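These numbers come from the heavy atoms of this one structure, side chains and all, not from hydrogens, waters or symmetry mates. Just so it is clear: chains get the letters A, B, ... in the order the sequence lines come, proteins before strands, and each one is counted from 1. None of these values were measured; they are calculated from a predicted model.
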Protein chains: 2
Amino acid sequence: MNLRQIAYAVAVAEEASFTRAAERCHTVQSALSHQIARLEEELGAPLFERTSRRVRLTPAGHAFLPAARQLLHSEQRIRDEVAAATGQIRGALSVGLISALTVLDTVDLLAEFHGMHPQVDVRFASGMSEHLLVNVREHRCDVAFVGLWPGEIIEGLNTLLLADEALVAVLPPGHPLASSSEVCLRDLAVQRCVDYRAGSGARRQTDEAYAAAGLTRHVHFEVDHASLMERVIRRGLAIGMVPAETAAGMQGLAIVPVRDAPRRRVYCVWAYHPTPAAAAFVELVLARSQALPQPLAYPAMATP
Amino acid sequence: MNLRQIAYAVAVAEEASFTRAAERCHTVQSALSHQIARLEEELGAPLFERTSRRVRLTPAGHAFLPAARQLLHSEQRIRDEVAAATGQIRGALSVGLISALTVLDTVDLLAEFHGMHPQVDVRFASGMSEHLLVNVREHRCDVAFVGLWPGEIIEGLNTLLLADEALVAVLPPGHPLASSSEVCLRDLAVQRCVDYRAGSGARRQTDEAYAAAGLTRHVHFEVDHASLMERVIRRGLAIGMVPAETAAGMQGLAIVPVRDAPRRRVYCVWAYHPTPAAAAFVELVLARSQALPQPLAYPAMATP
DNA sequence: CGGATCAATCACATTTTGCGATGCAATGAA
DNA sequence: TTCATTGCATCGCAAAATGTGATTGATCCG
């Protein structure tokens, strides 16, 4: 077995062609073909089914592929780790974002990060908190910014609490409640509401608050980004709730404190043993976020 | 870079000697020395500090080592996966065990497993539940049998509930409560108690039950194995609580049901993407354990 | 001081890999 | 059916990488 053979085989699997794989690997088809044959011989099973005109993976090939990719990943990791040991941060950094993220400007943050470490390739991936957590756990993502409802435990990951803010109600200018000095959830539950998509962490946090108050409400409009929520409210279609800091940026809308407001928590999470690039990025996040007091390891145990 | 170079470098790091590493790799010292030099050249940093008489890792070498081991692990994984695709289960299987495990005989189970797949090398590791869970998460263990207290969530791992039994009190023959038809925790809390070590999952489960009943008790004897607990009780030093099935095997001791008995849960846990050997072992566990109804994904949400 | 130990270096043999040309099988259009 | 095309396997040869054994040079220890 051989690093080159592995790379060749993965290329063939991805290109579904020996010829194109050879081009991608900057070699000739005969050399690649030979190496694949040697690899198959050593492993004791053919990896590819060569029907003329088409190359397909055999069952053995399907079993081979994930482990092979992991091996190539390890190779890159070796280079990046050794480079980091001599002060050169490089490699790839995959950052997951929830769409409701407003507590810090990640693009600004990544601009600063890119200035410090221009050799790092950055990839964004947006999605819902649960999905991002799975991605981080399975190392498809290095770092993610997620929202979680109170009491949730994030096990097996590093976490940093970035924000724990009370939400405020955001109303269209002419709304009957717009001039109130304070409202409570009971007032809001009977209104037409806009909130984040069901299943998202942000949505769960508000749902949880209504449920705890014994209230049911109906969400007429579901959005996946704060700017969409703002437009829905501005148009007078519904009322919403956002963190106070976010609301401050919404010009021309009525902002009213909520007595029994739910809190919006945002965490930065990353896996154990981060890559050098991920570690450097987390360090920057740490430096740029005022350090909030972190919750206990097992908040569920703290309040029996 | 090269698989052989990586293997050579890891061998040097582990043997702290080029000569011994060469022997271990079935080659001569000069060849190995040359390959290490080439590897260091490609990586742009020396991995080893050659003081005469001693070889030590440089900072770059320390950064290199974990990623290199992971790469070699991937190589083995490729072989094992391809072999599994052709029906040959082999490789290594690391099983973690809590000492309080009595619901199934893991040695019997592994004997049967070894009969089915003799090419798999099995390694045992005993410890406390929390520690085993970390080991499984970080892939130092493939499968673990752990005890958890009610309400705990195991996130990011596959789980199978193996046992959920009520505990019964076990008393020395002449004990005042030995002839009772039933006792409650209040009766037991004032007795001298033997239980598992503080910090273990089994211990937490009983501690939690006493706390929930508003009782405090003092554990005079801490043990790390059921057989030790039995001997302490037999000697008349203390009373204990064990699952009913376990108690059935304790001849000559008084077994008394407990009205508000805590339950002892035992889970089998394993990481996502198990190795072929781990997957085969879990399959056997599944077949040999009567399938209990599994708890919800988020039991904390189910009882708000 | 002198033997022992250990890694680096060198010349040379062997193996592996790459390259270009060719062969062979299958497909699809005339 | 025939023929051009596509795509992978095979082969001979050149180049590169790797292994071997002997030697060197430095350091440690008695």
Side-chain angles (χ1 to χ4, degrees), chain A residues 1-62 64-65 68 71-72 75 78-79, chain B residues 1-62 64-65 68 71-72 75 78-79:
Chain A
M1 204 183 304
N2 197 312
L3 277 178
R4 209 166 321 176
Q5 290 169 351
I6 306 297
Y8 286 178
V10 170
V12 170
E14 289 176 355
E15 300 285 344
S17 155
F18 280 58
T19 308
R20 281 194 298 276
E23 284 169 23
R24 200 172 92 175
C25 295
H26 307 294
T27 186
V28 294
Q29 174 262 321
S30 62
L32 184 141
S33 199
H34 186 220
Q35 292 303 319
I36 297 285
R38 282 179 57 78
L39 178 61
E40 290 176 322
E41 188 185 357
E42 181 177 349
L43 292 176
L47 300 175
F48 302 102
E49 188 187 320
R50 290 88 153 165
T51 77
S52 55
R53 222 75 172 177
R54 177 148 274 110
V55 175
R56 264 189 297 225
L57 285 168
T58 60
H62 276 110
F64 164 88
L65 200 53
L71 190 144
L72 295 180
E75 181 193 354
I78 286 177
R79 295 184 203 280
Chain B
M1 205 184 301
N2 194 311
L3 276 178
R4 209 165 321 177
Q5 290 169 351
I6 306 298
Y8 286 178
V10 171
V12 170
E14 289 177 353
E15 300 284 345
S17 154
F18 280 60
T19 308
R20 281 194 298 277
E23 285 169 23
R24 200 172 94 174
C25 296
H26 307 293
T27 186
V28 294
Q29 174 263 320
S30 63
L32 183 140
S33 200
H34 186 219
Q35 292 304 319
I36 297 285
R38 282 180 56 80
L39 177 61
E40 291 177 322
E41 188 186 356
E42 181 177 348
L43 292 176
L47 301 175
F48 302 102
E49 188 187 321
R50 290 87 153 164
T51 77
S52 56
R53 221 72 172 183
R54 176 149 276 110
V55 176
R56 265 190 295 224
L57 286 169
T58 60
H62 276 110
F64 164 87
L65 201 52
L71 189 144
L72 295 180
E75 180 192 355
I78 287 177
R79 294 184 204 280

Give me the first and last nucleotide of DNA chain C, going 5' to 3', that has any atom under 4.0 Å from a heavy atom of chain B. C:dT5 to C:dT9
Hey, is the main chain of [Y] close enough, under 3.5 Å, to the side chain of [X] for a donor-acceptor pair?
{"X": "A:Glu49", "Y": "A:Thr58", "value": "no"}
{"X": "A:Arg56", "Y": "A:Arg54", "value": "no"}
{"X": "A:Glu42", "Y": "A:Asn2", "value": "no"}

Toward the 5' end of DNA chain D, by each residue's nearest nucleotide, B:Gln29 or A:Phe18: A:Phe18
Would you kindly give the [atom1]-to-[atom2] distance between [X] and [N], to the nearest whole Å?
{"X": "A:Glu40", "N": "D:dT10", "atom1": "CD", "atom2": "C1'", "result": "15 Å"}
{"X": "A:Arg4", "N": "D:dA15", "atom1": "CZ", "atom2": "C1'", "result": "12 Å"}
{"X": "A:His34", "N": "D:dA9", "atom1": "NE2", "atom2": "C1'", "result": "10 Å"}
{"X": "B:Arg54", "N": "D:dC29", "atom1": "CZ", "atom2": "P", "result": "9 Å"}
{"X": "A:Arg20", "N": "D:dC8", "atom1": "CZ", "atom2": "C1'", "result": "13 Å"}
{"X": "A:Leu3", "N": "D:dA17", "atom1": "CG", "atom2": "P", "result": "15 Å"}
{"X": "B:Glu23", "N": "D:dG19", "atom1": "CD", "atom2": "C1'", "result": "16 Å"}
{"X": "A:Leu39", "N": "D:dC8", "atom1": "CG", "atom2": "P", "result": "17 Å"}

Selection from D:dG19, D:dA17, D:dC8 that lies nearest to any side-chain heavy atom of B:Gln35: D:dG19
Between D:dT10, D:dA22, D:dC8, spot the one nearest the side chain of B:Ser30, thanks. D:dA22
Can a side chain N or O of [X] be found less than 4.0 Å away from OP1 or OP2 on [N]?
{"X": "B:Thr27", "N": "D:dT20", "answer": "yes"}
{"X": "A:Tyr8", "N": "D:dC8", "answer": "no"}
{"X": "A:Arg50", "N": "D:dA9", "answer": "yes"}

Side chain to side chain contact (heavy atoms under 4.5 Å, CB included) evaluation trace for A:Gln5 with A:Arg38: CA-CA 8 Å; A:Gln5 290 169 351; A:Arg38 282 179 57 78; 3.7 Å; yes
At under 4.0 Å between heavy atoms, what does A:Phe48 touch on the DNA or RNA strands: base, sugar-phosphate, or nothing? nothing
Please tabulate, one pair per line, all N/O donor-acceptor pairs under 3.5 Å involving side-chain atoms of residues 18-30 of chain B, not counting sequence neighbours.
from: B:Arg20; atom 1: NH2; to: B:Glu15; atom 2: O; distance (Å): 3.0
from: B:Arg24; atom 1: NH1; to: B:Glu14; atom 2: OE1; distance (Å): 3.2
from: B:Arg24; atom 1: NH1; to: B:Glu15; atom 2: OE2; distance (Å): 3.0
from: B:Arg24; atom 1: NH2; to: B:Glu14; atom 2: OE1; distance (Å): 2.8

Nearest-nucleotide wise, let me know which of A:Thr51 and A:Asn2 is further upstream toward the 5' end of DNA chain C. A:Asn2
